[in-house]
Amino acid sequence: MQGCSPSSLAAGALTAALSFPSAAPQCISFVWLTLAGLRSVVGWVRGGRTLRIACAVVKQLLEGVKVHLCSGKQCPWPAVEIEQIYKSLYQLLCSVLRNWQDCQEEKDKQAVLGAVATMMAVLLQEELLREHVWEQLLCLGHLYQEVQDTCRGTKSLNIFLEALEGVQSVIPRDKFLAITSAVFYQLSDNTKECSEADRAELTHCILLQARICPEETVLFLQSQLGADREAGCVAALGLLGALARSDEPVMTEKLPQVVEAVQCLCSDPRTQVRRAILHFIKDVLSANAQSCSAWDVVGHIFSEFSRTTGRRAAGDLSAQEAREEGALQELCVDILGSLDVSVRGMSKLLWPRLLLYVVPAQYTGMLIPVSRCVQALAEGGDPMVRELEELDPHFLSSMFQGPLLTPQTLLARLLVVAGSPFAGSELQAAALRLMQNLHSKIHRAVGAMWAAEIPLLLQCLEGKDESFPDSAEWEQRLLKFLRASLDTLEDEAWTKGLSCELSRWLSSSPSSSGEKSFLYKALGTVLGACKEVLHIQEKLLQHLEGANAEEPSEAQGMISLLSHAAESNFHTALDTLTMFASRLCKGQNGRISRRKKMELDSRRAQATRSALILAHGSLALRASKEQLLARLEGDIVGNILLLYSCSCRDLQNTLALLQSITDFSSAFQAVGDSACFNPSLKGKLLEILTELLKKYYLGTPVSPVPLKVVLALEQLSKLKPSLATKDMCDILILCCKTVVLHPSAEMMLKIRKSQQAAQYLQQQP
């Protein structure tokens, strides 16, 4: 070999290595020749192409050597020769580390790391040399840290770790952790950009180490959870999640301990840590839900969702922060939506805890995945009839016997979501599916009825039923479904409980909320199904007194509440309305305190009177023939005139009066030809209407009042007894003059548009 340059030696060694697998069994001298050539090259070369060729030769040579050394008794080489090969290989390892450990070029570093890892992997097969291998672990870790290409470096390191996994030996803990620490640093170094391939390789490397030294690896990762460095904490959470997903036996044993350690981070405010915790929970739940008994991970998902909702609603986030919080919300929904209820321990983890998150409004956005989970549980067997010993008895007791969750609470919440015009059809459908799947928790009597009706409602939401195109008709059908359900129950105590729950929701809902309009109607519908008069009156008065009629939505809510309650309780609703109206007019003409007078003259009181006037007309339209004949003249019309006489008679009061006259006149006409209206009362109403017409005829600006008066007169004049011919002619003349001289705002708009069109045509050539 003397006289040859290092380059020619390397070339000869490479040629020998390439031919080695087929030639070695007949000529072991090729192995010695190659090893000798490599030792010579290591002594001469310090870097460059020759170094990289030599390292490639090492890897190629040892691939062939490993096949023969691992074949045991079938190995064709003598035992003495094998022992000498191991010793020579160890000498080569020491020489490489001594001469090439501090090479500078990146390609050289990669080549040396690959060669060293391959040599150490082969040397592990010889028990007598393992102690020497342990001594070089720190050098291997140093070489790994020096390589810039994370993916290539980690692949080389994995060669050694995969060999180490098959070795039954006690590994020095401190030196092994040095390797773990080096790999972990690469994964958590946020100054370097890691591709998905890099991260996958690094994660695989840590998983290998966990299989080799599970106790040490898990404890090391746990120790990183408390680190101040955010990237380190995030990386540790990701690796622990990957370990949970791997379903390694030792990880299954350690998982409860790990879950408990992660729980300590649940209040961490850092966005990336919060995201990593959620991903960890997703990994754990996909592997073994039984491990989560020490920490309510499902509760954390909902808490995080609520946390992000609150931060976004506060409105003090930057655009980037708002996007991050939105992404966290989506992740919460995705985790719950992707749960596999067949995973070991999942049913016990979810049921009945999920029900705690149906009612609170801050979790509304999670109802879709909650519905999916409950449906999956129901399809696997009704969770309501599951053996109680499978569930936590203390939890069951606190949940179902306390005030937080009652059947009425559940139904009220789901009705509100299903009836909200702003919820969206997917969320509304989720609420209906929850109702169907939880029917036995709400009331067992509705099971068959809901099984038939809810699918029809779902078809409507999914667009399969084109006969319900708008939200008003959808709301009407949902309220009809509610009333049919209550009629099916025939349970007065339960119905009263539902009215109390809806009343509570209504009282706590702000006027601006989209759900309040539906709540007024739903409560009215439930009160319509109640039979206890005092309870109905109590709830009606509570919300009539509490409503702020200055808000148009609240005024309409009062009317809706009374109208729906009157469906089956007309007299009770009208009596309550009469009682409340009398309070607003009491003492109006007598001696009262200054404070009371201010209350009665307030804008809110005036607006309330207008709403009550409208409510009387609405009740007339809901009344049956017998009810209307019995109560129209004395109560409905009498109350309307009383309220109007006590009002300031502004535009709002006047329009309310005109609409109510139109409504009760239409209702009375529907009774039939034989019914006669009180002539003196009719004359009084006609007098009020003609006075209004004269007022606007004498020069009041454009207003909607004249047209409304004409419409009211049209309906009122049809009531028997009919008007005298002269009276009818006088009214018609006055109506015509008023309409011509004072058209409505809508008519004025049409006139202006016509004038503009005419001017445009005149300008055309």
Side-chain angles (χ1 to χ4, degrees), residues 403 406-409 411-412 415-416 442-443 445 479 482-509 516 518-549 554-587 599 605 608-609 611-624 626-628 630-632 634-636 638-640 642-643:
T406 66
Q408 291 91 339
T409 308
L411 180 57
L415 278 171
V416 167
I442 295 171
H443 202 295
L479 292 171
L482 171 60
R483 180 56 193 264
S485 300
L486 297 175
D487 291 342
T488 302
L489 295 182
E490 296 183 341
D491 188 335
E492 175 71 7
W494 199 98
T495 304
K496 284 172 59 179
L498 179 59
S499 70
C500 291
E501 191 58 40
L502 287 169
S503 175
R504 185 182 67 81
W505 275 89
L506 183 57
S507 298
S508 61
S509 296
K516 194 157 191 177
F518 178 77
L519 277 167
Y520 272 116
K521 296 170 186 174
L523 177 58
T525 300
V526 176
L527 291 175
C530 289
K531 295 181 174 58
E532 187 179 317
V533 173
L534 290 178
H535 175 77
I536 298 168
Q537 289 184 331
E538 177 192 348
K539 291 303 171 186
L540 289 176
L541 286 172
Q542 175 187 340
H543 294 288
L544 290 175
E545 292 168 352
N548 180 11
E554 290 280 284
Q556 183 57 51
M558 296 167 66
I559 298 167
S560 298
L561 174 66
L562 288 161
S563 300
H564 285 81
E567 286 287 352
S568 297
N569 286 303
F570 175 80
H571 294 295
T572 303
L574 183 55
D575 289 342
T576 308
L577 182 55
T578 302
M579 186 190 311
F580 186 60
S582 66
R583 294 180 186 177
L584 287 175
C585 299
K586 187 176 182 180
E599 288 180 4
T608 302
R609 291 188 187 98
L612 296 184
I613 291 172
L614 288 169
H616 281 85
S618 180
L619 257 64
L621 291 172
R622 300 263 181 166
S624 66
E626 293 75 15
Q627 292 167 343
L628 193 63
R631 306 292 299 267
L632 177 62
D635 295 306
I636 295 177
N639 288 344
I640 290 172
L642 175 64
L643 287 164

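In this structure, L489 and A445 approach most closely via the heavy-atom pair CD2-CB, 4.0 Å. Of all heavy-atom pairs spanning D491 and H443, the tightest one is OD2-NE2, 3.3 Å. Taking all atoms of both residues into account, the shortest heavy-atom contact from A549 to A555 is O-CB, 3.7 Å. The nearest pair of heavy atoms linking N569 to G528 is ND2-O, 3.0 Å. When all heavy atoms are compared, the tightest approach of C530 to I536 is O-CD1, 3.7 Å. The shortest heavy-atom contact between A412 and L502 is CB-CD2, 3.9 Å.
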For this session: List the steps and the verdict of side-chain contact (heavy atoms from CB on, under 4.5 Å) for R631 and L619.
Result: CA-CA 11 Å; R631 306 292 299 267; L619 257 64; over 6 Å; no
Exercise. Going through the checks in order, is the side-chain contact (heavy atoms from CB on, under 4.5 Å) test met by K531 and T495?
Worked result: CA-CA 9 Å; K531 295 181 174 58; T495 304; over 6 Å; no
Exercise. Given the rule in the side-chain contact (heavy atoms from CB on, under 4.5 Å) test, do W494 and L411 qualify, once you have shown the distances and angles that lead to the verdict?
Worked result: CA-CA 11 Å; W494 199 98; L411 180 57; 3.5 Å; yes
For this session: Start with the C-alpha gap between V533 and D575, add the side-chain angles, then the distance that decides, and say whether side-chain contact (heavy atoms from CB on, under 4.5 Å) holds.
Result: CA-CA 10 Å; V533 173; D575 289 342; over 6 Å; no
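Between the CD atom of E538 and the NE2 atom of H543 there is a distance of 9.5 Å, given to the nearest 0.5 Å. Taken to the nearest 0.5 Å, the CG atom of L534 stands 13.0 Å off from the NZ atom of K539. Taking CD1 from I613 and CG from L577, the interatomic distance works out to 10.5 Å, rounded to the nearest 0.5 Å. Taken to the nearest 0.5 Å, the CG atom of D487 stands 7.0 Å off from the OG atom of S568. Taking OG of S618 as the reference point, atom CD of Q556 lies at 8.0 Å (rounded to 0.5 Å). Rounding to the nearest 0.5 Å gives a distance of 11.5 Å between CE of M579 and CG of N639.
In this model, no donor atom of one side chain and acceptor atom of the other lie less than 3.5 Å apart for D635 and T578.
With H535 as reference, L527 is the one residue of T572, L540, L527 to meet the side chain to side chain contact (heavy atoms under 4.5 Å, CB included) rule. Only one option out of E501, Q408, E532 pairs with K496 in a side-chain hydrogen bond (donor to acceptor under 3.5 Å, both in side chains); it is E532.
For E490, the CD atom is loosely surrounded, since the number of other residues' heavy atoms within 6.0 Å does not exceed 12.
Listed for the R622 side chain is no donor-acceptor partner under 3.5 Å among the backbone atoms of F570. Under the 3.5 Å distance criterion, the side-chain polar atoms of S508 are matched with a main-chain donor or acceptor of R504.
Looking at R483 and E567, no side-chain N of the basic residue comes within less than 4.0 Å of a carboxylate O on the acidic one, giving no salt bridge.
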Got a list of side-chain donor-acceptor pairs under 3.5 Å for residues 518-526, not counting sequence neighbours?
{"unit_1": "Y520", "atom_1": "OH", "unit_2": "E554", "atom_2": "OE1", "d": "3.4"}
{"unit_1": "K521", "atom_1": "NZ", "unit_2": "E475", "atom_2": "OE1", "d": "2.4"}
{"unit_1": "T525", "atom_1": "OG1", "unit_2": "K521", "atom_2": "O", "d": "2.8"}

